[in-house]
Amino acid sequence: GVISEDGRSSGRLISIGVLSCGHARPDAMLGRLFKLFVLFFLAYLVVSRLFSRGHRKTLREVFEAVAIGLLVSSVVFVGFYLAGQRL
């Protein structure tokens, strides 16, 4: 709550885009998701217009390799975390 000048709480909460528990408001999260969707859509349009079919296949293979690497890395770090190791 808000603390007044005499040191007492007024019971009111100040909300500036964040709920009292510290999480972003749902409408702010929807805005972020929409921006992410637009970014991915624009990236898709650029790739589909600028690259030929063969180049897109190569890009797909590169992204698949990167995704597999990230998945393996995340599994390894979760394993370390569960084992109590700190890196």
### Shared hydrophobic cluster for Phe34 and Leu42 (ILVMFWY, side-chain gaps under 4.5 Å)
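Yes, one cluster joins them.
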
Distance-only criterion, 3.5 Å: show the donor-acceptor pairs between side-chain atoms of residues 70-80 and protein atoms not counting sequence neighbours.
residue: Ser74; atom: OG; partner: Leu70; partner atom: O; Å: 3.3
residue: Ser74; atom: OG; partner: Leu71; partner atom: O; Å: 2.8

Output a table of donor-acceptor pairs, distance under 3.5 Å, between side-chain atoms of residues 61-69 and any protein atom two or more places apart or on a different chain; print 'none' if there are none.
residue: Glu64; atom: OE2; partner: Arg60; partner atom: NE; Å: 3.2

Below 3.5 Å, can you tabulate the donor-acceptor pairs from side chains in residues 44-53 to any protein atom, sequence neighbours excluded?
residue: Ser48; atom: OG; partner: Tyr44; partner atom: O; Å: 3.1
residue: Ser48; atom: OG; partner: Leu45; partner atom: O; Å: 3.0
residue: Ser52; atom: OG; partner: His55; partner atom: ND1; Å: 3.0

